[in-house]
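Read the structure below first, then the notes.
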Amino acid sequence: DKPGWRNSSVMTRSNIAMMLYSEGQHVQALKEFEGALKQMLELAAAYPRIHEYQANLARLNNNVGTALFALERFEEAVNAFRQAAEVQQGLVDSFPTIDGYRDVLARNLLNLGTTLVKLSRPEEAEESFARGLGHLRALVAADPERAERRRVLALFLLDVAGSWSSAERYSAAVEARREAVAQLRWLAEHAPEDGGCKSQLAEAQLRLAMEEWRLGRKEEALGSYREVVASIARDGLQGPELDRARAEAQALLEGKPEG
């Protein structure tokens, strides 16, 4: 009954749950995640000084929340994501120099905020998003030339914007997406080896134009849209997500389907 063996056994069960989740078997995946979480709670309580077990405890809470979210059990998902963030915050406080712990905490807070948006609790969602952004912005500020840090921040911001946009809270979406666009522009200029960056930037700009349009800023939105379309043609950008965003933008801003 060695703790290392028990930890490996629990995480194997978690991996099986992940496979079930990826196959769309969300009910069964939740059952396995919850079983693994119960075992990890016991292990982490017995060995509170082993931070690997605390990290796994946070991960399993997050996984339970993800499965609950997929099943549209949003109130329960909020509780799971809060537990994940609480445990992960403890790791960040105890090991402030381990950047990876901050990344994971930001993801926990993003998941929590997204779920709160689903529950029409925007003030709580905004607080959660802000906490996550605070950690990621601090990491960028500490090493502004590190492209990967800016990429993580940009993706977080895009997820936040998407969450707000899906709830038709376009002012908040525009604020987040504009910051994401700024980070993606930096990456396009300073990390050109990242082949997908320009496409992500163009897609973000198209979605920003649509959100601006929905806020009534139609002339500004149309000008931005035409500029992005020109850059897509000039740079030969393509991809399913970009193509979908372009078609949606054209249908909204020009009132006609693409083609």
Side-chain angles (χ1 to χ4, degrees), residues 11 14-15 17-18 21-22 26 29-30 33-34 36-37 40 44 51-71 73-74 76-119 121-122 124-143 146-167 172-173 175-177 179-180 183-184 187 196 200 204:
M11 296 316 294
S14 176
N15 290 337
M18 288 295 295
Y21 182 87
S22 68
H26 298 147
L30 175 61
F33 280 137
E34 288 179 329
L37 175 59
M40 186 54 69
H51 60 91
E52 178 187 356
Y53 300 167
Q54 298 298 319
N56 287 340
L57 179 59
R59 183 179 298 113
L60 283 165
N61 271 299
N62 188 75
N63 289 345
V64 167
T66 300
L68 287 166
F69 186 96
L71 293 168
R73 292 163 60 178
F74 299 126
E76 294 169 88
V78 163
N79 293 332
F81 289 136
R82 284 198 195 281
Q83 287 294 320
E86 181 179 337
V87 175
Q88 196 67 33
Q89 182 67 63
L91 288 167
V92 169
D93 293 341
S94 298
F95 304 95
T97 61
I98 300 180
D99 292 348
Y101 285 162
R102 290 184 182 273
D103 286 335
V104 174
L105 176 57
R107 179 56 54 177
N108 297 151
L109 292 166
L110 174 65
N111 290 340
L112 175 58
T114 299
T115 311
L116 289 165
V117 170
K118 283 284 188 182
L119 290 169
R121 290 155 64 178
E124 293 175 76
E126 187 173 2
E127 179 183 356
S128 186
F129 290 149
R131 282 182 60 198
L133 283 168
H135 287 289
L136 298 183
R137 285 170 179 151
L139 290 173
V140 169
D143 192 358
R146 188 173 173 186
E148 182 56 28
R149 286 275 159 248
R150 290 182 181 268
R151 167 163 287 283
V152 170
L153 175 57
L155 293 177
F156 186 103
L157 286 160
L158 290 175
D159 283 342
V160 170
S163 185
W164 286 130
S165 191
S166 68
E175 182 179 353
R177 206 175 300 275
E179 187 177 351
Q183 295 298 331
L184 290 169
L187 288 165
Q200 280 188 315

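Just so it is clear, the model here is predicted, and its values are computed rather than measured. Count residues from 1 along the sequence.
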Within the 4.5 Å heavy-atom criterion, are [X] and [Y] side-chain neighbours or not?
| X | Y | value |
| --- | --- | --- |
| L109 | L133 | no |
| N61 | F81 | no |
| D103 | L136 | yes |
| R146 | V140 | no |
| L30 | N63 | no |
| N108 | V104 | yes |
| V160 | W164 | yes |

Would you please test L112 and L116 for side chain to side chain contact (heavy atoms under 4.5 Å, CB included) and show each step? CA-CA 6 Å; L112 175 58; L116 289 165; 3.9 Å; yes

For [X], all residues meeting side-chain contact (heavy atoms from CB on, under 4.5 Å), sequence neighbours excluded:
| X | result |
| --- | --- |
| L119 | F74, E75, V78, R121 |
| V92 | Q89, Y101, R102, L105, H135 |
| T114 | F69, L110, F129, S163 |
| A167 | V117, R169 |

Within 6.0 angstrom of [X] [atom1], more than 12 heavy atoms from elsewhere:
| X | atom1 | result |
| --- | --- | --- |
| M11 | CE | yes |
| E34 | CD | yes |
| E76 | CD | yes |

Of the non-hydrogen atoms in [X] and [Y], which two are nearest, and what is the gap between them?
| X | Y | value |
| --- | --- | --- |
| A36 | S14 | CB-N, 4.4 Å |
| G162 | R177 | N-NH2, 3.7 Å |
| Q88 | A58 | OE1-CB, 3.3 Å |
| F33 | A67 | CD1-CB, 4.2 Å |
| G65 | A77 | O-CB, 3.6 Å |

Strictly by salt bridge (Lys or Arg N to Asp or Glu O under 4.0 Å), give each pair with a member in [range] just once, sequence neighbours left out.
| range | answer |
| --- | --- |
| residues 154-163 | R107-D159 |
| residues 127-143 | R137-E179 |
| residues 77-97 | R82-E124 |

Just how far is it from atom [atom1] of [X] to atom [atom2] of [Y], taken to the nearest 0.5 Å?
| X | Y | atom1 | atom2 | result |
| --- | --- | --- | --- | --- |
| L157 | Q183 | CG | CD | 7.0 Å |
| F156 | R151 | CZ | CZ | 16.0 Å |
| Q54 | S94 | CD | OG | 8.5 Å |

With sequence neighbours excluded, what pairs up with [X] under the side chain to side chain donor-acceptor pair (under 3.5 Å) test?
| X | result |
| --- | --- |
| N56 | N7, R59 |
| S165 | E211 |
| N111 | N62 |
| Q83 | none |

Which residues pass the salt bridge (charged side-chain N to carboxylate O under 4.0 Å, His left out) test with E148, sequence neighbours left out?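 E148: no salt bridge (charged side-chain N to carboxylate O under 4.0 Å, His left out) contacts found.
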
